[in-house]
Amino acid sequence: MYRKKLEIRLLLEAIYSLSGYDFRKYNQQSILRRIEHRMRLNNFSSISQLTEAIIYDKELLKVLLNDFSINVTEMFRDPSFFRAFREEIIPQLKQLDKIRIWHAGCATGEEVYSMAIMLHEEGLLDRTMMYATDMNEDVLKKAEHGAFPLHKMQAYTKNYILAGGTESFSQYYKTDDSFASFHPCLRENIMFAQHNLATDKSFQEFDVIICRNVLIYFTPELQHEVHHLFYDSLTRSGYLGLGDKETLQFTPLVSKYRTVNSTERIYQKRF
């Protein structure tokens with residue numbers, strides 16, 4: 001077991017030295033699953049063999065970085081979260097002249113477009129700027145393109161309705177044989193940018209930060225660091241939306257938030 005931990009540490013050190021991406025504070029079991037997956041696909045017999053290979057093979061390093069990236073998402077994922085946001089947070093945002101929202105760990109962008117649709121229906125999209133970030137450049141390109149597999153639209157339509165959608169979901173996209181391309185007007189107020197929660201700092205002040213089921217892949221130490229980043233990045237009385245597997249309960253900052261919706265993990269920064 002010690003040998004394997006050492007091999008993992010040396011691999012992550014190599015990745016950091018070669019690419020600048022820091023996975024050293026990610027959950028070890030989650031990282032190990034991704035490492036073993038790549039080892040099986042490439043027929044490596046040990047982690048050390050994989051480490052040696054990425055030193056000399058830039059394409060393999062890129063593939064491994066993509067393996068480590070967390071890309072679980074869908075339109076209106078966990079519809080009850082979006083319904084709660086629409087009913088409990090949107091009325092408060094309507095009091096603001098300008099709204100800034102940060103989607104941290106946005107993956108391929110489905111939840112960002114979901115938010116854009118909801119803000120459009122509530123008359124807030126024109127005065128909102130959304131910043132959608134991820135560490136993975138490849139998924140950001142897909143997010144910016146705004147085209148998702150056509151076969152998923154039936155499930156996404158169901159999510160949209162459960163999330164309190166008020167229009168026909170199909171009006172927001174055009175289709176070809178394989179993809180549904182969402183209307184360009186939904187992208188006009190979205191800025192996609194690379195940002196690594198493990199290493200990068202705050203770049204704006206936000207009224208809302210959404211980061212759902214990303215922190216579960218981090219060690220407790222890194223979770224605390226990111227929570228401080230989010231707290232410092234929120235405006236006075238700003239809102240934080242976490243995933244259903246995450247909580248503020250065990251963080252040093254728990255007293256600095258009030259719970260808006262405990263089920264949907266929505267919190268508000270105290271004055």
Side-chain angles (χ1 to χ4, degrees), residues 1-74 77 103-111 132-145 147-149 151-152 155 178-179 192-201 211-227 229 242-246 250:
M1 180 60 69
Y2 173 77
R3 180 182 178 86
K4 179 169 287 188
K5 287 183 178 179
L6 177 60
E7 285 188 303
I8 294 172
R9 182 166 65 82
L10 292 174
L11 173 62
L12 300 183
E13 289 287 351
I15 291 172
Y16 181 59
S17 296
L18 293 165
S19 70
Y21 290 107
D22 192 352
F23 296 97
R24 294 172 297 181
K25 294 180 182 178
Y26 276 52
N27 180 280
Q28 290 285 294
Q29 288 303 311
S30 175
I31 286 292
L32 180 59
R33 286 194 295 270
R34 288 164 168 77
I35 292 171
E36 291 176 338
H37 171 72
R38 181 50 49 192
M39 289 171 60
R40 286 193 297 270
L41 291 179
N42 288 68
N43 295 316
F44 291 120
S45 60
S46 69
I47 299 174
S48 296
Q49 188 179 6
L50 174 59
T51 303
E52 183 178 1
I54 66 167
I55 292 173
Y56 299 102
D57 189 338
K58 292 182 179 180
E59 287 304 311
L60 179 59
L61 173 60
K62 184 177 180 180
V63 168
L64 187 60
L65 290 173
N66 284 334
D67 289 339
F68 285 2
S69 181
I70 302 156
N71 300 320
V72 180
T73 188
E74 62 182 25
R77 181 166 65 128
H103 283 264
C106 70
T108 45
E110 283 89 331
E111 293 174 70
T133 66
D134 199 278
M135 57 154 284
N136 188 320
E137 290 180 324
D138 290 339
V139 300
L140 281 172
K141 291 176 182 177
K142 293 179 181 179
E144 196 163 8
H145 190 54
F148 307 116
H151 67 84
K152 294 185 177 182
S178 302
F179 290 94
F192 294 96
Q194 187 179 33
H195 183 278
N196 189 338
L197 289 172
T199 56
D200 296 336
K201 304 304 180 184
C211 185
R212 304 181 60 234
N213 294 331
V214 174
L215 302 184
I216 55 174
Y217 297 99
F218 298 166
T219 63
E221 178 187 358
L222 182 54
Q223 288 183 28
H224 292 164
E225 291 176 10
V226 174
H227 274 301
L229 169 65
L242 300 176
D244 59 3
K245 298 178 179 63
E246 298 161 333
F250 303 108

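Computed over heavy atoms, backbone and side chain alike; hydrogens, waters and symmetry mates excluded. Residue numbers start at 1 and run along the sequence shown.
Considering every non-hydrogen atom in both Ile8 and Ile47, the closest pair reads CG1-CD1, 3.8 Å. The minimum heavy-atom distance between Val214 and Glu246, with the atom names listed, is N-OE2, 2.9 Å. Here the shortest heavy-atom pairing between Tyr217 and Ser30 reads CD2-OG, 3.2 Å. Between Asn71 and Ala107, the shortest heavy-atom contact is CA-CB, 3.8 Å.
Scanning for side chain to side chain contact (heavy atoms under 4.5 Å, CB included) contacts around His145 gives Ala147, with sequence neighbours left out. Residues passing the salt bridge (Lys or Arg N to Asp or Glu O under 4.0 Å) test with Arg34: none are found, sequence neighbours excluded. Considering only residues two or more places apart in sequence or on other chains, Asn66 meets the side-chain hydrogen bond (donor to acceptor under 3.5 Å, both in side chains) condition with Asn136, Asp138. Residues meeting the ring-ring contact (aromatic ring centres under 6.0 Å, His included) test with His195, sequence neighbours left out: Trp102, Phe203. Legend: residues meeting side-chain hydrogen bond (donor to acceptor under 3.5 Å, both in side chains) with Glu52, ordered by chain and number and at least two apart, are absent. For Gln49, the side-chain hydrogen bond (donor to acceptor under 3.5 Å, both in side chains) partners two or more places apart in sequence, or in a different chain, are Ser45. In this view, Lys142 and Thr108 satisfy the side chain to side chain contact (heavy atoms under 4.5 Å, CB included) rule, not counting sequence neighbours. Partners of Glu137 under the salt bridge (Lys or Arg N to Asp or Glu O under 4.0 Å) rule, at least two apart in sequence or in another chain, do not exist in this structure. In this structure Phe218 satisfies the ring-ring contact (aromatic ring centres under 6.0 Å, His included) test together with Tyr26, sequence neighbours excluded. Scanning for side chain to side chain contact (heavy atoms under 4.5 Å, CB included) contacts around Asp244 gives Asp78, Asn213, with sequence neighbours left out. Ser17 is linked by a side-chain hydrogen bond (donor to acceptor under 3.5 Å, both in side chains) to nothing, counting only residues two or more places apart in sequence or in another chain.
Of the listed residues (Arg33, His37, Arg38, Lys62), just one forms a side chain to side chain donor-acceptor pair (under 3.5 Å) with Asp67, and that residue is Arg38.
How far NZ of Lys141 is from CG of Asp134: 13.0 Å, rounded to the nearest 0.5 Å. Here CG of Leu61 is found 5.5 Å from OG of Ser19. Values are rounded to the nearest 0.5 Å. Remark: Gln223 CD to Ile216 CD1 distance equals 9.0 Å, nearest 0.5 Å. Remark: Glu111 CD to Arg212 CZ distance equals 5.0 Å, nearest 0.5 Å.
Remark: Lys25 engages Glu225 in a salt bridge, criterion side-chain N to carboxylate O under 4.0 Å.
A donor-acceptor pair is defined here as one N or O able to donate and one able to accept, closer than 3.5 Å; no such pair exists between the side chain of Asp22 and the backbone of Tyr16. Judged by distance alone, the side chain of Asn196 and the main-chain N or O of Ala198 form a donor-acceptor pair under 3.5 Å.
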What's the verdict on side-chain contact (heavy atoms from CB on, under 4.5 Å) for Ile35 and Glu7, showing C-alpha distance, side-chain angles and the deciding distance?
CA-CA 11 Å; Ile35 292 171; Glu7 285 188 303; over 6 Å; no
List the steps, then state whether side-chain contact (heavy atoms from CB on, under 4.5 Å) holds for Thr73 with Cys106.
CA-CA 8 Å; Thr73 188; Cys106 70; over 6 Å; no
Quick one, Ser48 with Leu10, criterion side-chain contact (heavy atoms from CB on, under 4.5 Å). Give me CA distance, side-chain angles, the key distance, then yes/no.
CA-CA 8 Å; Ser48 296; Leu10 292 174; 5.9 Å; no
Is there a side-chain contact (heavy atoms from CB on, under 4.5 Å) between His227 and Leu215 once you walk through the steps?
CA-CA 9 Å; His227 274 301; Leu215 302 184; 3.5 Å; yes
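Considering only heavy atoms from C-beta on, Thr199 stays 4.5 Å or farther from Met135 through its side chain. For the pair Ser46/Thr51, no side-chain contact is recorded, criterion being any heavy-atom separation below 4.5 Å from C-beta on. Val63 places none of its side-chain heavy atoms less than 4.5 Å from the side chain of Asn42. Within the 4.5 Å cutoff, the side chain of Leu222 has no heavy atoms near those of the Leu197 side chain. Looking at heavy atoms from C-beta onward, Leu60 lies out of side-chain contact with Leu64 at the 4.5 angstrom threshold. Val72 is listed as a side-chain neighbour of Arg77, based on a closest heavy-atom distance under 4.5 Å.
Residue pairs that meet the ring pair (Phe, Tyr, Trp, His ring centres under 6.0 Å) test with at least one member in residues 49-72, sequence neighbours left out, are Phe23-Phe68.
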